[in-house]
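Structure, as structure tokens:
Naming: A, B, ... by sequence-line order, numbering from 1 per chain.
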Amino acid sequence: MDTLYKPQGVEQRWQQVWEEEGLYAADPDPTRESWVYCFPPPNVTGNLHLGHALQISLGDMLARWKRMQGLNVLVQAGYDHAGISTQNVVEKFLESEGTSREELGREAFVARVWEWLHEYGGNIVHQFRSMGASMDYRRIRFTMDDGYVRAVTRWFVHLYERGWIYRDNRIINWCPYHQTSLSDLELEDVDMDDALTTIHYPLADGSGHVAIATVRPATILADVAVAVHPEDERYRDLVGKEVIVPVVERRVPVIADERVEMGFGTGALKVTPGHDPLDFAIGRDHGLPELTVIGPDGHMNDAAGELAGLTQDEAAKRVLEWAAERGQISKRESYRHSVPTCERCHTRIEPLISLQWWCRMDELKQPAIEALRQRKVAFHPESQHRFAISSLEDAPDWNISRQIWWGHQLPVWYCPDEHVNVAETDPDICAECGSTELRRETDVLDTWFSAELWPFATLGWPDATADLAAFYPGTLQTTAREIIRLWENRMIFAGLELFGEVPFTDVIIHSTLLAPDGRRMSKSLGTGIDPVDEIEKQGADALRYGLLKMSSTQDVRFNTQQIEEGRKLANKLWNASRLLLMAGAVEPAARPSAVEESWILARIDATRAELEDDFARFDFSHGVERLYHLIFDDFCDWYLEAIKPRLAEEDVRATALAALERLLKLLHPVMPHVTEEIWTQLPARETRLIVAPWPEPVAVEGDFGALDRAQTAARIYRRSQVRITLDGDALRIFEAVVRPSADAEQGDVEAERARLQKEIDRAEKMLANAKFVANADPAAVEGEREKLAQYVAERDALG
RNA sequence: GGGCGGUUAGCUCAGUUGGGAGAGCACCAGCUCGACAAGCUGGGGGUCACUGGUUCGAGCCCAGUACCGCCCACCA
């Protein structure tokens, strides 16, 4: 009879039972230590992708392990409102309905986003359930919940009162499509072909010209200087003179600044503070005017005079024609370079000067840097810890305002005289002039400004709740490398600023899963793989196993082989339990009566200790590999085969079930469903496995030398054949195997003898090496001596 | 340009203090004995990217080269 473990119905049933019985629930409990894993809140419009699945696999594995160890485990789940991203999704939806954001107006649009979310959003939490994620589903939070809005407001006001939030006209990344500013971290660089044109700027004194290379001729209209490197001898004499900007024929100075790259183009840079970040910085340092000729729509603005209203391409053409007519173009070449684009819509970013809200970072980040240096938070692996520190050190002031409609509106009000009022609740009058005509700031906050409050806003902050007392600070974070600067670092400084404590102690930076062909996984490349497909095909347990196995390196090509391996493991264990249960169920109890029974208990014990070490070091792939070999090789292939002849004995079955019970516990964090399913079928199981205690060591004593020798002998004499020919108890089998049997083939023995002789030669050579004996670790030398003795003994035993 | 990581069996990857090249899958052969749409047992298969160096000894340490990937900065 063929039997295949079918995870589909089983997994769903257990997910439901665990949740309904409240086994995922975490409530404040002063008698137990808390252990908290905040799952990064995914975009509310999203679906589960492999990165999420991987994070669940490792975070939930640790959570289940800690729960079995008796800790009060909270796995916090929820959604992020994901400002621009969500606005995008809903706008596309509106487009398909023949309407648009602009047509609806702000208020109606935001209402539609909420409607849309109620109907289509939130799918991902259902998918979390299908992975067996042991989240406390009662506590699902959304970053736009009423309570969360209060938290964001409180945080903004707090920072403002500290003097760390300010409003300033500075150059920002402007997305002409979304009509909003973006932080540097929301950009994506794309290689593009441009034309690099060299244009002559005549010297005002008529003594010649300066040649300047540009890819954006339209911005010439906003040039306010020409800059050269102070050590560039070609231009040394020109510094301090004036040149005439083409088209607008404005006289501007030649200045020296070491940020100019001597090797690029002609070595002379046209300075356009209004439309380039580097030029902006140079301009501010040299006190230059900031002219703007491009508007928020990406077209030329009124300041562009005759060119107003034109696209940049059209304007560029006109500028080049102007210069060509006067013989001021010396070179035009094609040029491939990377340009920043909006990561959401891939529109080319327009650097513009704009009045925005900023968060000052210098003081805010210092305690976080210090905490990281002291390893109050540890990033794993170590290389990412260094990265986290350096990226905090380098963090510039943060543009936190966005000109979109979906998000947390800034708690800022202006009176007709533009006095700024910042308050937690809507003010009635301007604090400065008493005006009652207040209008609220229309900008919303960067999504990450609210996300950084996640570890405590989910627990009720700003109220002093029992949850907050019990579960803050938390324990674990899992994340992808590129999120460290966006989120983890910010949660750390927010937590330190508000509580004086870091929000978690460990951050696991998980591997990046690549498509099977080694390319980055993405929907647009068609290389995306849906984890839900794998759950349906092979089961959540198999997926968890496979992903943990793949989690060891920084980048790994996703492959279904390792998931298949997990499926086989579940099936194997399922069938092993059937063997024992069909032989007759008895109360599990370790009563070893033969050496292999002591041996398997000792093996499980040893593996248990190694596993704890693996898990504690977040070495998941070795942990699951260990479990695989323990179950397949040791338990099934050796132990169960050995006791088959004695399965009629009650003690034998009781011991085997006791061993199985321990295996189930060890495997449960990795493969929760199949283990719980088998556990339930064992006699007299009153607790669920999910909350069963993690096994204590049993410290089995025994001399397992006979088994080791049997393994060696089995290599020579094909142990399965030996087993078949023998009856009686397993101990006799092993003894029999150790002795060469009559039907052993001479060739096999010779091959083994040759193998041993090679080992002996190697060991003898090393021990004859005086430098080795003198310099090597004494333990290593002694180890070699022991190995030599063992090999010699084995060779001699062959006769 | 800066940072991080990779290059080991046909494939995907292990290899934790330098001291006998490994796993899973795939492939070949035998077995099928009380669970296993399979299972068990055995087997073939590797110049550990390359070049130098340190060492009694290097997949592992050092220097460099090549290729691949990711992150960041950006030379207008």
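Two residues, A:R617 and A:M262, neighbour RNA chain B, and the one matched to the more 5' nucleotide by heavy-atom proximity is A:R617. Between A:R386 and A:C636, the one whose closest nucleotide on RNA chain B sits nearer the 5' end is A:R386.
Here A:N571 lies in heavy-atom contact (under 4.0 Å) with sugar-phosphate atoms only. Looking at heavy-atom distances under 4.0 Å, A:L647 makes contact with a base. Nucleic acid contact for A:E564: none, since no nucleic acid atom lies under 4.0 Å from a heavy atom of the residue. Counting any heavy atom pair closer than 4.0 Å across all strands shown, A:A774 reaches no nucleic acid atom. Within 4.0 Å (heavy atoms only), A:Y545 reaches no atom of the nucleic acid at all. In this structure, A:K549 reaches neither bases nor backbone, as no heavy-atom distance under 4.0 Å exists between it and the strands shown. Among the atoms of the strands shown, none is found under 4.0 Å from any heavy atom of A:K270. Across all strands shown, A:R485 has heavy atoms under 4.0 Å from sugar-phosphate atoms exclusively, and none from any base. Looking at heavy-atom distances under 4.0 Å, A:Q561 makes contact with a base.
Atom C1' of B:A29 sits at a distance of 41 Å from the matching atom of B:U17, rounded to the whole Å. Annotation: B:G19 and B:C60 have their C1' atoms spaced 12 Å apart (nearest Å). When the P atom is compared between B:C48 and B:C33, the two are found 44 Å apart, to the nearest whole Å. The separation of B:G44 from B:G10, taken at their C1' atoms, amounts to 12 Å, rounded to a whole angstrom. With C1' as the reference atom, B:G6 and B:U65 are 16 Å apart, rounded to whole Å. With P as the reference atom, B:A49 and B:A58 are 15 Å apart, rounded to whole Å. For the P atom pair drawn from B:C71 and B:G45, the interatomic distance equals 41 Å after rounding to whole Å.
In this structure, the nucleotide among B:U12, B:U41, B:G34 sitting nearest to the side chain of A:R557 is B:U12. In the set B:A35, B:C25, B:C56, the nucleotide with an atom closest to the side chain of A:Y628 is B:C25. Residue A:H622 has its side chain nearest to B:G15 when only B:G34, B:G15, B:A76 are considered. When each of B:U12, B:A35, B:A76 is scored by its nearest atom to the side-chain atoms of A:V215, the top-ranked nucleotide is B:A76. Of the listed nucleotides (B:A23, B:C56, B:A76), B:A23 has the atom at the smallest distance from the side chain of A:E625.
One side chain, A:D223 or A:Y201, offers a donor N or O that lies under 3.5 Å from an acceptor on the other. For A:T3 and A:R578, the side-chain atoms include at least one donor-acceptor pair closer than 3.5 Å.
Listed by first residue number, the stems of RNA chain B with at least three Watson-Crick or G-U pairs below 3.5 Å are B:1-7 with B:66-72, B:10-13 with B:22-25, B:27-31 with B:39-43, B:49-53 with B:61-65.
A straight line from CZ of A:F379 to C1' of B:G3 spans 16 Å, rounded to a whole angstrom. As rounded to whole Å, 9 Å separates atom P of B:A73 from atom CZ of A:F387. The distance between atom NE2 of A:H629 and atom C1' of B:G24, rounded to the nearest whole Å, is 7 Å. Note: CH2 (A:W638) to P (B:U41) measures 9 Å, nearest angstrom.
An OP1 or OP2 oxygen of B:C40 is reached within less than 4.0 angstrom by a side-chain nitrogen or oxygen of A:K572. Residue A:R481 has no polar side-chain atom (N or O) positioned under 4.0 Å from OP1 or OP2 of B:C70. Proximity of A:K568 to the phosphate of B:A38: no side-chain N or O atom is located under 4.0 Å from OP1 or OP2.
Between the CG atom of A:L548 and the NE2 atom of A:H510 there is a distance of 12.0 Å, given to the nearest 0.5 Å.
Annotation: cation-pi geometry not satisfied between A:R485 and A:W448 (NZ/CZ under 6.0 angstrom from ring centroid, within 45° of ring axis).
When each of A:V210, A:T214, A:V245, A:I212 is tested with A:I199 by the rule side-chain contact (heavy atoms from CB on, under 4.5 Å), just one qualifies, namely A:T214. With A:T219 as the fixed residue, the side-chain contact (heavy atoms from CB on, under 4.5 Å) test singles out one of A:I294, A:D279, A:L291, A:D276: A:I294.
The aromatic rings of A:F635 and A:Y639 lie tilted to each other, with the angle between the two planes from 30° to 60°. Below 30°, between 30° and 60°, or above 60°: for A:F379 and A:H385 the angle between ring planes is above 60°, a perpendicular geometry.
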Criterion side chain to side chain contact (heavy atoms under 4.5 Å, CB included) on A:H629 and A:D634, from CA distance to verdict:
CA-CA 7 Å; A:H629 289 295; A:D634 295 338; 5.7 Å; no
